[in-house]
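Each residue takes its place number in the sequence, starting with 1. Here the structure is a predicted model, which means the values were calculated and not measured.
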Amino acid sequence: MLLIKMKEKQKIEDQETQIRKAKIIERAENYLENKYGIKFLVNPDGFNDIESFIPGKVEHNYKLCYEASSLEDPNYVFRVYFDIDTNNNQYSEQIRDNYCWKFLRNELRSCIENELDGILKEYKLVIKIYPNLTFNNNITPKSQLLDF
């Protein structure tokens, strides 16, 4: 009887975890759509082992990380981060992303190429993207390079 009750409790906890996870994915997709004005798909499998921490299951600060892509360009994969604080029975979260690398990289490439054209006849320009680096949440595709 005890084993049955433990399995039922685990099943309920698993269902609650799945519900919390679905809500997090929905918040991430809404956040990205509101910020950039296009639809995004967030991979619910998370990224690395960070995703195993679900709100309500730990009593400290932690991060969740998911990979995402826009429906317009599913090949450009970026990361969405949740910084979650559950200290003192308070729950707060900050969502960050690094989708801005997509347009930052293009604008930076354009500026550098404008400067190098006429100076160098041949060159290869490589702009390395750091997936863990995020920028202020007010950075959008309409931002100027200096805003970064």
Side-chain angles (χ1 to χ4, degrees), residues 7 9-87 89-148:
K7 285 185 177 183
K9 182 180 178 188
Q10 183 63 43
K11 184 177 179 180
I12 290 170
E13 287 178 357
D14 290 346
Q15 289 171 340
E16 290 172 352
T17 297
Q18 290 303 317
I19 291 168
R20 280 192 288 275
K21 187 176 181 179
K23 288 180 180 178
I24 287 171
I25 297 301
E26 182 180 358
R27 282 199 306 275
E29 289 174 346
N30 289 337
Y31 159 84
L32 292 167
E33 184 177 352
N34 289 334
K35 183 174 178 182
Y36 298 109
I38 57 176
K39 295 260 186 209
F40 290 86
L41 181 64
V42 176
N43 182 349
D45 291 334
F47 183 78
N48 291 335
D49 293 328
I50 300 172
E51 191 276 322
S52 62
F53 296 105
I54 300 294
K57 295 291 182 186
V58 292
E59 297 298 326
H60 54 78
N61 297 343
Y62 58 98
K63 296 182 185 323
L64 301 175
C65 180
Y66 293 94
E67 288 186 329
S69 62
S70 72
L71 296 182
E72 294 177 357
D73 186 3
N75 293 324
Y76 184 81
V77 178
F78 63 98
R79 295 183 187 167
V80 180
Y81 299 89
F82 282 78
D83 296 326
I84 298 174
D85 183 357
T86 60
N87 285 330
N89 295 325
Q90 300 288 324
Y91 177 86
S92 66
E93 70 183 23
Q94 177 187 10
I95 305 174
R96 299 178 293 122
D97 70 273
N98 61 10
Y99 182 69
C100 55
W101 272 115
K102 182 175 183 173
F103 42 90
L104 170 62
R105 179 181 58 189
N106 293 339
E107 190 171 339
L108 186 58
R109 179 183 310 279
S110 176
C111 288
I112 292 171
E113 286 174 346
N114 286 342
E115 293 297 319
L116 292 179
D117 284 347
I119 297 174
L120 300 174
K121 291 184 183 201
E122 288 186 38
Y123 61 89
K124 180 178 180 181
L125 179 60
V126 177
I127 299 176
K128 182 160 176 68
I129 296 175
Y130 294 96
N132 293 328
L133 180 63
T134 60
F135 295 91
N136 294 334
N137 282 335
N138 62 342
I139 300 297
T140 67
K142 294 179 180 165
S143 300
Q144 298 295 314
L145 187 58
L146 292 176
D147 294 336
F148 294 95

Which atoms form the tightest heavy-atom contact between N43 and I25, and what is the distance?
-> O-CD1, 4.2 Å
Please list, chain by chain and in numerical order, all residues satisfying salt bridge (Lys or Arg N to Asp or Glu O under 4.0 Å) with D117, sequence neighbours excluded.
-> none
How long is the span from the CD1 atom in I95 to the NZ atom in K35, to the nearest 0.5 Å?
-> 10.0 Å
Hey, do the aromatic rings of F40 and F78 have their centres closer than 6.0 Å?
-> yes
Any chance you could measure N98, atom CG, to L104, atom CG, to the nearest 0.5 Å?
-> 10.5 Å
Of the non-hydrogen atoms in I38 and Y99, which two are nearest, and what is the gap between them?
-> CD1-OH, 3.6 Å
Side chain to side chain contact (heavy atoms under 4.5 Å, CB included) partners of E115, counting only residues at least two apart = none
On a heavy-atom basis, the closest approach of S69 and P74 is CB-O, 3.6 Å
State the CD1-OH distance between I24 and Y66, to the nearest 0.5 angstrom.
-> 4.5 Å
Do Y36 and D97 get their side chains close enough for a donor-acceptor pair, meaning under 3.5 Å?
-> yes
Could I get the full list of side-chain hydrogen bond (donor to acceptor under 3.5 Å, both in side chains) partners for E113, not counting sequence neighbours?
-> none
Those residues at least two apart in sequence (or on a different chain) that pass side-chain hydrogen bond (donor to acceptor under 3.5 Å, both in side chains) with D73 are K102
With sequence neighbours left out, the residues meeting side chain to side chain contact (heavy atoms under 4.5 Å, CB included) with L120 are L116, Y123
So, for Y31 and R96, which heavy atoms are closest and what is the spacing to 0.1 Å?
-> OH-CA, 4.1 Å
Sorted by chain and number, sequence neighbours left out, salt bridge (Lys or Arg N to Asp or Glu O under 4.0 Å) with E33 holds for K39
Of all residues at least two apart in sequence or in a different chain, which pass the side-chain hydrogen bond (donor to acceptor under 3.5 Å, both in side chains) check with K23?
-> none
Nearest heavy-atom pair of P44 and K21: which atoms, and what distance?
-> O-CE, 2.6 Å
